[in-house]
Amino acid sequence: MLETLRFMAVNALRRCQKEPLELPVHPSSPARCAVSNLLPEILKEIFLHCLPGKWGSFSSHDAPLLLIKVCRSWRKAALSTPLLWSGLPPLRKEALRDGHLQLLKLYLKNSARAALSIAFELPRDPDSAHFLPLITPYLSQSQYLVLHFDGTPNLEPRFTHSHFSLLKNLELSCNTMTQVSQGQLTIMGLEGIKFPWTQLTQLTIEFHTTIETLMLLRNCNSLETLHLRISSYVEPIEPSVHQR
């Protein structure tokens with residue numbers, strides 16, 4: 001039954017793309033009767049299955065932005081479903097040029113207190129840092145964080161453990177050399193990022209690295225999944241066994 005209703009909702013969304021705000025076409029159509037009579041809780045569950053994937057989209061042709069265009073009741077249901085907005089669209093320089101900051105604010109506002117998935121990159125262009133003031137207050141809600149450094153960024157954000165209180169899944173990639181100083185990861189002048197290594201359950205690292213960086217793994221005693229991609233040669237590291 002749920003799969004049938006999901007199919008009807010997806011078809012409704014597709015029709016809405018062609019005929020905005022004219023869905024359903026006839027008040028007595030079977031699709032309108034079935035979907036409009038659903039309990040809000042069921043409708044919200046169907047909405048979650050309409051998402052394009054783990055990450056949100058800035059496109060008005062994808063859920064959740066498309067959902068709020070269909071009708072008043074759908075808009076109300078979508079805006080009151082924090083999980084619909086919990087996967088932020090990946091934040092890149094291109095998004096800023098397209099003027100998506102207002103849409104980012106919409107995602108953050110409607111995510112309420114839901115655990116967030118956040119992905120952003122910090123290129124050399126300092127203008128790309130404009131989204132940082134928006135997302136920094138919400139980093140404490142991030143459960144899944146993807147962070148990419150493209151070269152050496154001209155900024156020094158300061159993130160402490162309090163910014164990552166819920167973080168479980170971390171993906172790091174970098175095009176520059178890294179090192180460890182006093183147990184903290186340093187990425188070519190980007191200092192002060194203190195990740196909560198001990199609470200991570202999933203970790204992905206992809207960058208040029210040194211043996212000191214790999215030694216950070218000794219602090220990750222809660223890891224369940226680890227993916228490493230190292231582009232430079234490193235000496236073998238002495239095995240370390242965690243005891244709980």
Side-chain angles (χ1 to χ4, degrees), residues 2 6 9-10 12-13 16-17 38-122 128-148 157-172 193-196 199-204:
L2 181 61
R6 175 182 176 275
V10 170
L13 289 174
C16 180
Q17 293 178 12
L38 291 174
L39 292 173
E41 293 77 11
I42 297 178
L43 186 61
K44 292 178 180 182
E45 184 66 28
I46 295 173
F47 284 175
L48 293 176
H49 289 275
C50 295
L51 291 171
K54 178 183 297 183
W55 303 104
S57 170
F58 284 129
S59 172
S60 60
H61 299 294
D62 294 324
L65 295 179
L66 179 58
L67 294 168
I68 64 178
K69 296 169 50 182
V70 176
C71 63
R72 186 176 301 173
S73 61
W74 280 35
R75 178 181 178 85
K76 182 179 179 180
L79 293 178
S80 60
T81 308
L83 285 179
L84 268 178
W85 309 90
S86 62
L88 303 186
L91 302 174
R92 304 185 180 93
K93 221 169 34 170
E94 294 76 13
L96 297 180
R97 284 200 293 266
D98 291 338
H100 290 154
L101 285 180
Q102 291 303 316
L103 293 178
L104 175 60
K105 292 179 182 178
L106 181 66
Y107 267 89
L108 292 171
K109 176 184 177 181
N110 294 315
S111 66
R113 298 302 301 172
L116 300 178
S117 297
I118 302 177
F120 63 95
E121 65 178 9
L122 293 175
S128 65
H130 288 173
F131 61 80
L132 278 178
L134 290 178
I135 66 171
T136 298
Y138 293 87
L139 285 177
S140 59
Q141 293 176 230
S142 62
Q143 196 169 61
Y144 181 12
L145 177 64
V146 178
L147 183 55
H148 175 71
R158 300 288 173 172
F159 300 134
T160 64
H161 288 186
S162 62
H163 287 100
F164 306 111
S165 56
L166 294 181
L167 189 62
K168 295 295 183 182
N169 189 338
L170 175 63
E171 294 185 18
L172 285 175
I193 299 183
K194 300 179 180 179
F195 293 112
Q199 73 185 41
L200 298 178
T201 57
Q202 298 184 62
L203 176 62
T204 300

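Leu67 CG to Leu79 CG: the interatomic distance, rounded to the nearest 0.5 Å, is 9.5 Å. Rounded to the nearest 0.5 Å, atoms CG (Leu200) and CG (Asn169) are 8.5 Å apart. The distance from atom CG of Leu84 to atom OH of Tyr107, rounded to the nearest 0.5 Å, is 9.0 Å. Atoms CG and OH, on Leu88 and Tyr138 in that order, are 10.0 Å from each other to the nearest 0.5 Å. Here Gln143 contributes atom CD and Gln202 contributes atom CD; the two are 10.0 Å apart, rounded to the nearest 0.5 Å. With rounding to the nearest 0.5 angstrom, the CD1 atom of Ile118 is 7.5 Å from the CG atom of Leu108.
You'll find the side chain of Phe195 stays beyond 4.5 Å of the side chain of Leu203, heavy atoms only. Side-chain contact between Ser60 and Lys69 is present, with heavy atoms from C-beta onward closer than 4.5 Å.
Minimum interatomic distance between Leu83 and Leu51 (heavy atoms only, all atoms of both residues): O-CD1, 4.4 Å. Summarising the geometry of Phe47 relative to Ala78, their closest heavy-atom pair is CE1-N, 3.9 Å, with the distance given to 0.1 Å. Across all non-hydrogen atoms, the minimal contact from Gly56 to Pro90 is O-CD, 4.0 Å. The minimum heavy-atom distance linking Asp62 with Ser57 is given by the pair OD2-OG, 3.1 Å. A pairwise comparison of heavy atoms in Ser111 and Gln141 identifies OG-NE2, 4.5 Å as the closest pair. The minimum heavy-atom distance between Ser86 and Ala115, with the atom names listed, is CB-O, 3.4 Å.
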Q: Report the C-alpha distance between Trp85 and Leu106 in whole Å, list the side-chain angles of each, state the deciding distance to 0.1 Å, and finish with yes or no for side chain to side chain contact (heavy atoms under 4.5 Å, CB included).
A: CA-CA 8 Å; Trp85 309 90; Leu106 181 66; 4.1 Å; yes

Q) Can Thr204 and Val146 be said to form a side chain to side chain contact (heavy atoms under 4.5 Å, CB included), step by step? A) CA-CA 9 Å; Thr204 300; Val146 178; over 6 Å; no

Q) Step by step, would you call Phe58 with Leu91 a side chain to side chain contact (heavy atoms under 4.5 Å, CB included)? A) CA-CA 10 Å; Phe58 284 129; Leu91 302 174; 4.1 Å; yes

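Distance alone, capped at 3.5 Å, is enough to place a donor-acceptor pair between the Gln199 side chain and the Phe164 backbone. The backbone N or O of Leu167 lies less than 3.5 Å from no partner atom in the side chain of Ser142, so there is not a single donor-acceptor pair.
Aromatic ring pairs are classed by plane angle as parallel below 30°, tilted from 30° to 60° and perpendicular above 60°; the pair Trp55 and Tyr144 is tilted. Using the six-membered ring where Trp is involved, Phe131 and Phe120 have ring planes that are perpendicular, over 60° apart on the 30 and 60° scheme.
By the side-chain hydrogen bond (donor to acceptor under 3.5 Å, both in side chains) test, Arg72 pairs with no residue at all, sequence neighbours left out. By the side-chain hydrogen bond (donor to acceptor under 3.5 Å, both in side chains) test, Ser80 pairs with Lys44, sequence neighbours left out.
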